[in-house]
There are 2 protein chains.
Amino acid sequence: MTRQGDAHLQKSADPLRRRIVEAADELYYAQGFRAVGMDALSQRAGVSLKRLYTVFPSKESIVLAVLDYRHRMWADEIAAAVAQEATPRGRLLAIYDYLAGWFRSDSFRGCVFVNAFGELATESPAVATKAAEHKRDFRRYMERLAVEAGFSEELGDQLMLLAEGAQTTAAITGDSSMALKARRAAEALLSVEEPVQTQPV
Amino acid sequence: MTRQGDAHLQKSADPLRRRIVEAADELYYAQGFRAVGMDALSQRAGVSLKRLYTVFPSKESIVLAVLDYRHRMWADEIAAAVAQEATPRGRLLAIYDYLAGWFRSDSFRGCVFVNAFGELATESPAVATKAAEHKRDFRRYMERLAVEAGFSEELGDQLMLLAEGAQTTAAITGDSSMALKARRAAEALLSVEEPVQTQPV
DNA sequence: AGGTTCGGAGAACGTTCGTTCTCCCTTCGC
DNA sequence: GCGAAGGGAGAACGAACGTTCTCCGAACCT
């Protein structure tokens, strides 16, 4: 009996669940979580309300599933962008080029976790927790990248702050050049701190 | 007939209006805009619903008034913090110490404009515009500070991105040390760019 | 003093929305 | 062929909320 493993696999593989989450992701991100009702979601996903509620017990559980989905997407895409870079310096700066492309896309509406936090954190502690976990993971990832490149852990924090600031500023002002400004700031930070020749522990 | 001037003065001076805006500010910031109903606001402000609607035509207009109020507060407090610093370098870094104090306060829940944008932008273009104007003004302010200190305008943008990133990250993760990390990043950026001895135009 | 206007408390109205229920049709095991 | 289970469409329900209305008392002007 491999119950636990099977359940987890099924969770991602179930095509019905997947269709719901993808439809919810598009609608929620484009219009906001509260602005999209269960009726609109059921119509967009092509799934009846009744069936929706057999797959998910509540709207909140769908929101959480969407946040999980976005977290995986973000982590995968960042990792892919980083993997394309050969030099440590390029790997540390890859995030800003990724952001630049994202900011220029028509659908860009800021970081979904920031939006979810602003919209739902007061009434859904679970959403607040997911947002915090996402930011914590991103921070750790940048710290790891920094250390692997021979820089201090704190440099990773600083690069994360620039990326975060670029996301919210670009979302609110619609100015996609923030990615480039963040990148140039990051380059300056790299030039200050001399990479240390230590092996990552 | 000095209609325009009088109207503007009255707008800020009217103590009833002021009481409503201050109560709304506290409630909205602590609980979110949608979470606070007009009943709750009328009770907290000690103003009957009827009177509320004689002063403001709608909830949206109250939200906008609160955003104006916060914008003035932010601008004033930042300016005061900057004014206490004697050196150009100190003036550029003052923002991060201000943020540090803010982040540590119990009531800190992030930037109200970011929250308002996430909660209301899709259904209230006026709110989206106010948020964009606020960020634009803050950006211009930092650019001006940078130029006055003999740095490039772009350095101001970079310092703004760090401040923005610190605000959202501190709000979501609850980690108030982001202000210090942003400050150290800013110090590093200052150390890279040599101040030019040009007079601000 | 008396009528009129203002304002307070809160009920009422209309809408939206999350969630559940009803009704009906389809499908499938036997 | 037939009864039972499942699922679709959408009505129904209850709660929340923005906004308006009702009723009533108090203050003010002449």
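Only a predicted model underlies this, so the values are computations on that prediction, with no experimental measurement involved. In what follows, chains are A, B, ... by sequence order, proteins preceding strands, each numbered from 1.
With 3.5 Å as the limit, one finds a donor-acceptor pair spanning the side chains of Glu60(B) and Ser124(B).
Between the CG atom of Leu27(A) and the C1' atom of dC17(C) there is a distance of 15 Å, given to the nearest Å. When rounded to the nearest whole Å, the span between CD1 of Ile20(A) and P of dG7(D) equals 12 Å. The distance from atom CG of Leu52(A) to atom P of dG10(D) is 15 Å, rounded to the nearest whole Å. The nearest whole Å value for the distance from the CZ atom in Arg51(A) to the C1' atom in dT19(C) is 18 Å.
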| request: Could you walk me through whether Phe138(A) and Trp74(A) pass the ring-ring contact (aromatic ring centres under 6.0 Å, His included) test, one step at a time? | output: CA-CA 9 Å; Phe138(A) 178 46; Trp74(A) 165 268; 5.2 Å; yes
| Residues Leu145(A), Phe151(A); criterion side-chain contact (heavy atoms from CB on, under 4.5 Å); working and verdict | CA-CA 9 Å; Leu145(A) 241 48; Phe151(A) 292 94; over 6 Å; no
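The pair Lys135(A)-Asp175(B) does not meet the salt-bridge criterion, since no charged nitrogen lies less than 4.0 angstrom from a carboxylate oxygen.
Atom CD of Glu22(A) has more than 12 heavy atoms from other residues, nucleotides or ligands within 6.0 Å.
In this structure, Phe103(B) and Phe108(B) have tilted ring planes: the angle between them lies in the 30° to 60° band.
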What N/O pairs connect the protein and nucleotides 16-20 of chain D at under 3.5 Å? Give each pair on its own line.
residue: dG18(D); atom: OP1; partner: Lys59(B); partner atom: NZ; Å: 2.4
residue: dG18(D); atom: OP2; partner: Met38(B); partner atom: N; Å: 2.7
residue: dT19(D); atom: OP2; partner: Tyr53(B); partner atom: OH; Å: 2.7
residue: dT19(D); atom: OP2; partner: Lys59(B); partner atom: N; Å: 2.9
residue: dT19(D); atom: O5'; partner: Tyr53(B); partner atom: OH; Å: 3.3

